2 protein chains.
Amino acid sequence: MEPVSAEHVTAFRRFNRYFTRRIGALDDHYLGQDRPLGEARLLFEIAESAAGVSLRELRSRLGLDAGYLSRMAKALEAQGMVRIAVHPDDNRLRMVELTPAGHIELTEQQRRADALVAHLLGGLTDRQRTDLTEAMTATRRLLRLAAITVDLVDGASESARTCLDAYAADLDERFPEGFDKSDLVRPEEVSADAGAFFVAYEEGRPVGCGALRRLEGGVGEIRHVWVHPDARRLGLARRILDALEREGRRRAFDVVRLDTHAALTEAQAMYRACGYREIPAYVDHVYGDHYFEKRLRD
Amino acid sequence: MEPVSAEHVTAFRRFNRYFTRRIGALDDHYLGQDRPLGEARLLFEIAESAAGVSLRELRSRLGLDAGYLSRMAKALEAQGMVRIAVHPDDNRLRMVELTPAGHIELTEQQRRADALVAHLLGGLTDRQRTDLTEAMTATRRLLRLAAITVDLVDGASESARTCLDAYAADLDERFPEGFDKSDLVRPEEVSADAGAFFVAYEEGRPVGCGALRRLEGGVGEIRHVWVHPDARRLGLARRILDALEREGRRRAFDVVRLDTHAALTEAQAMYRACGYREIPAYVDHVYGDHYFEKRLRD
DNA sequence: GGCACTCTTTGACTAAAGTCAAAGAAATAT
DNA sequence: ATATTTCTTTGACTTTAGTCAAAGAGTGCC
């Protein structure tokens with residue numbers, strides 16, 4: 001990992017300070033309510049989950065104390081903003097959802113926040129607004145990418161299975177011939193000496209994966225590089241690939257190989273851009289239309 | 001003013017939400033202290049004002065209750081973080097400044113915040129970090145510009161005088177022959193029917209100005225368009241020019257004229273870019289090397 | 001049916017954040 | 001010199017935000 005220059009750190013902090021102080025406060029979505037912040041936050045979180053949400057879920061999402069949450073929810077109920085009901089299948093759980101009055105309040109709040117933002121943007125020309133939107137999009141994309149971690153995990157772990165399931169479902173949809181799960185690596189193929197499995201997490205949620213498997217001798221095989229639809233176009237696949245190659249070097253592999261399906265054109269372009277070159281089939285994979293390899297040492 | 005499209009508002013709010021929730025909290029400069037937030041904020045604000053600052057000033061900057069502030073300041077003094085002394089010229093005022101211990105604490109805090117940011121940026125390649133810095137710079141530039149208001153003020157007001165003084169000092173430095181204040185418009189030349197004076201404010205602070213004066217008939221004259229060094233390269237001069245032209249149209253001027261000094265090359269470029277064309281001298285201004293005009297109606 | 005566990009509620013706290021008004025000391029205006 | 005205003009301090013509050021532990025109700029598992 002390259003060292004981070006002081007200049008970038010300073011620029012980041014300058015932006016951060018400006019934004020949180022001057023702008024963030026402006027469009028606080030808890031804005032303009034005559035309601036304590038904790039309650040406003042809770043109400044907003046309830047509104048986010050359209051079909052009702054359990055106290056348990058809210059507790060973990062907002063990181064609140066059970067007693068504190070219980071009381072706040074009751075306060076919102078007393079104000080007519082939410083309805084609290086017992087979960088149909090589990091009588092221990094309490095489900096919360098907005099009442100029509102709660103919806104009205106939140107819509108009004110949203111309207112006010114929109115108006116504030118529109119007023120701020122009113123000071124710019126349309127061209128400048130477009131530039132601003134673009135700059136913000138780029139900023140957000142890079143910050144998201146930076147905040148994602150790529151970790152080595154057990155191939156049998158829940159995160160790994162979640163990713164592989166999503167990967168399989170994804171391919172099943174994209175391949176004309178469908179995708180059969182039996183093609184997936186088994187946990188023991190990516191454990192200990194046999195290989196490795198990486199999962200990318202964004203805010204604790206698995207949003208991508210990649211597997212490395214030992215073939216004969218100094219050859220590794222990369223498989224199942226996948227990125228969740230919500231996390232695409234950030235440059236995450238490259239980071240996963242990076243992690244896999246680093247792991248390959250650590251294991252003293254001379255070369256890594258991989259195969260990819262004809263339907264995955266973006267993937268092929270990425271592999272080429274990352275220094276992979278197409279080679280003849282080194283094995284007969286069911287879904288392998290193109291085979292690539294990259295030397296890890298020179 | 002062009003209407004603000006919903007798309008821009010949405011993009012803005014999406015960014016805002018992401019940033020304040022996920023990133024802003026991360027590099028909170030009040031971070032990692034075993035000190036209540038209010039105190040941390042106060043300490044930081046005291047540190048910002050190098051040579052000591054009055055409680056009065058802090059009160060208005062932070063918007064705190066006098067009693068609350070008094071107590072917090074005393075608490076910081078008891079902890080050895082600040083020194084409180086009576087103002088030498090006004091015994092009602094209390095001046096606060098950091099002690100060496102206070103400096104040490106703040107430096108340490110800064111170091112920790114830097115480390116956190118460096119860790120976050122560590123997830124990006126150097127190229128991506130550069131892109132991020134650029135995107136943030138662009139975002140900040142446009143947000144600053146958006147947040148600046150350009151207001152019609154009395155030419156004799158304090159804001160107007162502040163700007164004209166700074167303008168005069170600025171030109172005195174830039175013109176080889178210096179600048180004599182007698183060239184400035186008098187308040188009565190930009191009041192009521194005679195003309196108008198605009199001041200640009202950023203967070204309440206005057207950061208730019210521009211004057212409009214009636215010449216004969218349907219001709220207006222633009223003078224003293226100036227932007228504070230801190231607010232340059234934002235596109236503010238254009239906004240001031242816009243406001244002056246709008247005012248000119250409101251006053252049914254057919255045309256506005258202006259003159260500029262040879263030393264102000266950027267200004268000339270801007271006027272041309274804004275639709276002004278160079279004309280022969282319409283009057284003999286002491287510092288006028290180039291004369292421009294723009295028709296306000298067609 | 002009993003046991004461990006989960007989820008929520010309740011009571012009893014604490015610390016932080018902030019408000020309000022009265023009063024004292026000093027400066028400024030008349 | 002007197003009145004008014006400014007700035008700070010102090011006392012007496014309130015609200016918000018949060019913690020901790022005990023207890024009650026319900027589930028899942030053997």
Side-chain angles (χ1 to χ4, degrees), chain A residues 20-21 25 28-46 49 52-79 81-97 109 158, chain B residues 20-21 25 28-46 49 52-79 81-97 109 158:
Chain A
T20 47
R21 282 230 204 159
D28 206 314
H29 39 276
Y30 315 127
L31 190 93
Q33 296 190 220
D34 40 0
R35 163 164 291 141
L37 204 88
E39 251 179 56
R41 226 153 59 193
L42 175 56
L43 191 58
F44 184 82
E45 200 66 37
I46 294 167
S49 350
V53 57
S54 66
L55 285 184
R56 179 182 182 288
E57 174 70 19
L58 288 169
R59 191 148 46 81
S60 86
R61 269 202 234 158
L62 294 168
L64 296 176
D65 173 81
Y68 184 30
L69 175 61
S70 172
R71 261 180 277 252
M72 276 204 293
K74 241 170 54 175
L76 286 177
E77 192 183 29
Q79 291 164 48
M81 296 288 111
V82 305
R83 230 188 320 269
I84 302 179
V86 175
H87 189 285
D89 301 336
D90 185 341
N91 288 318
R92 290 171 304 181
L93 286 162
R94 296 287 171 279
M95 299 304 287
V96 194
E97 60 176 346
Q109 185 187 319
E158 207 197 306
Chain B
T20 46
R21 283 230 203 160
D28 207 313
H29 38 276
Y30 317 126
L31 189 93
Q33 297 191 215
D34 41 359
R35 161 164 292 140
L37 204 88
E39 251 178 58
R41 226 156 56 194
L42 176 56
L43 192 58
F44 185 82
E45 199 67 36
I46 294 167
S49 350
V53 59
S54 65
L55 286 184
R56 180 182 180 287
E57 174 71 20
L58 288 169
R59 192 149 46 82
S60 87
R61 271 202 233 157
L62 295 167
L64 296 176
D65 173 81
Y68 184 31
L69 176 61
S70 172
R71 259 179 279 251
M72 276 204 293
K74 242 171 50 175
L76 286 176
E77 193 184 27
Q79 291 164 49
M81 295 289 110
V82 305
R83 229 188 321 270
I84 303 179
V86 175
H87 189 285
D89 300 337
D90 185 341
N91 288 315
R92 290 171 304 182
L93 286 162
R94 296 286 170 280
M95 300 303 288
V96 195
E97 61 177 346
Q109 185 188 320
E158 207 196 307

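Residue numbering restarts at 1 for every chain, and letters A, B, ... go by the order of the sequence lines. The structure presented is a predicted model; accordingly, all values stated were derived computationally and were not measured.
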Visitor: Looking for any heavy atom pair under 4.0 Å, which part of the strands does Leu69(B) touch: base, sugar-phosphate only, or nothing?
Guide: nothing

Visitor: Rounded to the nearest angstrom, tell me the gap between atom CD in Glu39(A) and atom C1' in dA17(D).
Guide: 11 Å

Visitor: Applying the side-chain contact (heavy atoms from CB on, under 4.5 Å) test to Leu69(A), which of Arg59(A), Arg94(A), Lys74(A) qualifies?
Guide: Arg59(A)

Visitor: Respond yes when some side-chain nitrogen or oxygen of Lys74(B) is under 4.0 Å from OP1 or OP2 of dT8(D), and no when none is.
Guide: no

Visitor: Among the candidates dT6(D), dT6(C), dA17(C), find the nucleotide nearest to the side-chain atoms of Arg56(B).
Guide: dT6(D)

Visitor: To the nearest Å, give me how far apart CG (Leu37(B)) and C1' (dT16(D)) are.
Guide: 14 Å

Visitor: How many whole angstroms separate atom CD of Glu57(A) from atom C1' of dT6(C)?
Guide: 15 Å

Visitor: Starting at atom CG of Asp89(A), determine the distance to atom C1' of dG28(D), rounded to an integer number of angstrom.
Guide: 14 Å

Visitor: For a quick test of reading the model: is some side-chain N or O of Arg35(A) closer than 4.0 Å to OP1 or OP2 of dT16(D)?
Guide: no

Visitor: Count the heavy atoms of every other residue, nucleotide or ligand shown that sit under 6.0 Å from CD of Glu77(B), and state whether that count exceeds 12.
Guide: yes

Visitor: Please write out each protein N/O paired with an N/O of nucleotides 20-25 of chain C under 3.5 Å, distance rounded to 0.1 Å.
Guide:
none

Visitor: When the distance from CG of Leu43(B) to P of dA16(C) is rounded to whole Å, what number comes out?
Guide: 15 Å

Visitor: Should Arg35(B) and Met81(B) count as side-chain neighbours, where that means a heavy-atom distance under 4.5 Å?
Guide: yes

Visitor: Work out which heavy atom in Gly52(B) is nearest to a heavy atom in Glu97(B); give both atom names and the distance.
Guide: CA-CB, 3.8 Å

Visitor: Could you state the CG-C1' distance from Leu64(A) to dT9(C), rounded to the nearest angstrom?
Guide: 16 Å

Visitor: Considering only heavy atoms from C-beta outward, does the side chain of Met72(B) approach that of Leu76(B) to under 4.5 Å?
Guide: no

Visitor: Starting at atom CG of Asp34(B), determine the distance to atom P of dA15(C), rounded to an integer number of angstrom.
Guide: 15 Å

Visitor: Can you name the nearest heavy-atom pair linking Leu93(B) to Ser54(B), along with the distance?
Guide: CD2-CB, 4.0 Å

Visitor: Counting only side-chain nitrogens and oxygens, does Asn91(B) get under 4.0 Å of the OP1 or OP2 atom of dA27(C)?
Guide: yes

Visitor: Please name the residue in the list Val53(A), Leu62(A), Val96(A), Leu64(A) that meets the side-chain contact (heavy atoms from CB on, under 4.5 Å) test with Glu45(A).
Guide: Leu62(A)

Visitor: Distance check needed: dT6(C) P versus Arg94(A) CZ, whole Å only.
Guide: 17 Å

